[in-house]
There are 2 protein chains.
Amino acid sequence: MKLIKGKENKEVLIEREPIDVETFKRMIRQMGLKVTKQRVHILEAMSEGRAHITVQELYEKLQKTHPEIGFATIYRFLKNMTDHNLVTEVRMGGFPARYELTPNQHHDHLNCTNCGKIVEFENESIEELQESVARKFNFKLTGHVLELYGLCQDCQQE
Amino acid sequence: MKLIKGKENKEVLIEREPIDVETFKRMIRQMGLKVTKQRVHILEAMSEGRAHITVQELYEKLQKTHPEIGFATIYRFLKNMTDHNLVTEVRMGGFPARYELTPNQHHDHLNCTNCGKIVEFENESIEELQESVARKFNFKLTGHVLELYGLCQDCQQE
DNA sequence: ATAGTATTGATAATCATTTTCATTAATGGT
DNA sequence: ACCATTAATGAAAATGATTATCAATACTAT
Ligand SMILES: [Mn+2]
Ligand SMILES: [Mn+2]
Ligand SMILES: [Zn+2]
Ligand SMILES: [Zn+2]
């Protein structure tokens, strides 16, 4: 598992492979949807800059270059993508949801409650223990949310 | 860790000690708040019946016996309690928050996405691994959310 | 290029939660 | 027990995020 610094220095991300426009279009068609410029622009915006982004942030970012894209389109498309598992919704407490292009490698998040820094991590032992808990109660596990909260090194020093 | 069936048969709970009205009043005073009948009634309602309850459910339950209690009072008091760690807020996806009187023993939840059943569990190994993840990234851990989702035995058979 | 259908975006609606504010109630001192 | 002080309450309005509506527009297969 290789870790890289996010572009906003507020994220430590599991390495992602860059995605080109043709792949984006293929993804849209795979969902049985039409390829529109809005959808491509949304995917482009999500693949650049902060990996975990809110709808508001995405909207403001798109405004600059494509002011014709509306909120409804962003919400609708993100829901489509989430349903098809191409986007992962991350919820921290009662805050607005953040979305990220689903990476190949599953991971969970470590969040700094002071500065908003997000660190992605993967821990196979935790995953296995979750399975064993589900087994113990005769559940068939379909998903989980594991979010760790704390203070990053920088914020501890304040 | 002893497990008991919840009163609605939709919960498997870690054993809780019953709490009497005097204790409730002490809890309220400890928070630096005045003891009002509304607050005592809210605590009583939370200690009976379903352990994980939404504000809406709590309101409807209280309506029957104390129709004078308003939504705002419930929201306000639950926030007080949550801030003082006497109540724990549980968020599942985008659904309304559920609240439970904080039990002595920390635990996480296993949720059936079909019928809403909630199973409480405690896993020391997972807790330790979470600490080790935080250490690895130089975070000071202050909390976490671990929610497992799946199908309970009954719902698998449908 | 056209027809047929999906998509879009402005706006209204919804849902959970918070705030406001005039009225009421709890508490500590008499 | 009686006040005076100040916090608490509840009805209603406000907010914030998300979803639904619908007439206008843009894809796409022919
Ligand atoms: Mn992530
Ligand atoms: Mn619980
Ligand atoms: Zn920080
Ligand atoms: Zn079930």
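Just so it is clear, the values below take in all heavy atoms, side chains as well, and ignore hydrogens, waters and symmetry mates. Protein chains get the first letters and strands the later ones, always in sequence-line order, with residue 1 at the start of each.
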Q: Just report the end-to-end axis angle for the helix from dA1(C)-dT30(D) to dT30(C)-dA1(D), five pairs per end, to 10 degrees.
A: 40°

Q: Within the structure shown, what part of the strands sits under 4.0 Å from Glu68(A) by heavy-atom distance: base, sugar-phosphate, or nothing?
A: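 Contact class for Glu68(A): sugar-phosphate only.
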
Q: Are Lys5(A) and Glu11(A) close enough for a salt bridge, meaning some N to O gap below 4.0 Å?
A: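 Salt bridge flag = no for Glu11(A) with Lys5(A).
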
Q: Could you pick out which residue, Phe71(B) or Phe71(A), lies toward the 5' side of DNA chain C when each is mapped onto its nearest nucleotide?
A: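 Result of the comparison: Phe71(A).
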
Q: Report the distance from atom NZ of Lys79(A) to atom C1' of dT19(D), rounded to the nearest whole Å.
A: 7 Å

Q: Under a 3.5 Å threshold, yes or no: a donor from one side chain and an acceptor from the other, between Gln30(B) and His84(B)?
A: no

Q: Is any side-chain N or O of Gln38(B) closer than 4.0 Å to OP1 or OP2 of dG10(D)?
A: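 Checking dG10(D) against Gln38(B), a side-chain N or O does come within under 4.0 Å of OP1 or OP2.
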
Q: For His41(B) and His66(B), take the angle between the two ring planes, folded into 0 to 90°, and tell me which bin it lands in: parallel under 30, tilted 30 to 60, perpendicular over 60.
A: parallel

Q: Grab the CG-P distance between Leu62(B) and dG10(D) for me, whole Å please.
A: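 Checked: the CG to P distance equals 10 Å.
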
Q: Is it the case that the side chains of Gln157(B) and Gln153(B) hold a donor-acceptor pair, with the cut-off being a distance below 3.5 Å and no angle test?
A: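 Gln153(B) vs Gln157(B): no donor-acceptor pair found between side chains.
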
Q: At under 4.0 Å, does any side-chain N or O of Tyr75(A) touch on OP1 or OP2 of dT19(D)?
A: no

Q: What are the bounds, 5' to 3', of the part of DNA chain C that sits under 4.0 Å from heavy atoms of chain B?
A: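 Result: dA16(C) to dT27(C).
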
Q: Indicate, with a heavy-atom threshold strictly under 4.0 Å, whether Arg76(B) touches base, sugar-phosphate, or nothing.
A: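 Base, at least one base atom sits under 4.0 Å.
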
Q: Which parts of residues 28-37 of chain A get close to DNA chain C, meaning a heavy atom less than 4.0 angstrom away?
A: Leu33(A), Lys34(A), Thr36(A)

Q: Testing the 3.5 Å rule here: is there a donor-acceptor pair between the side chains of His107(B) and Glu100(B)?
A: yes

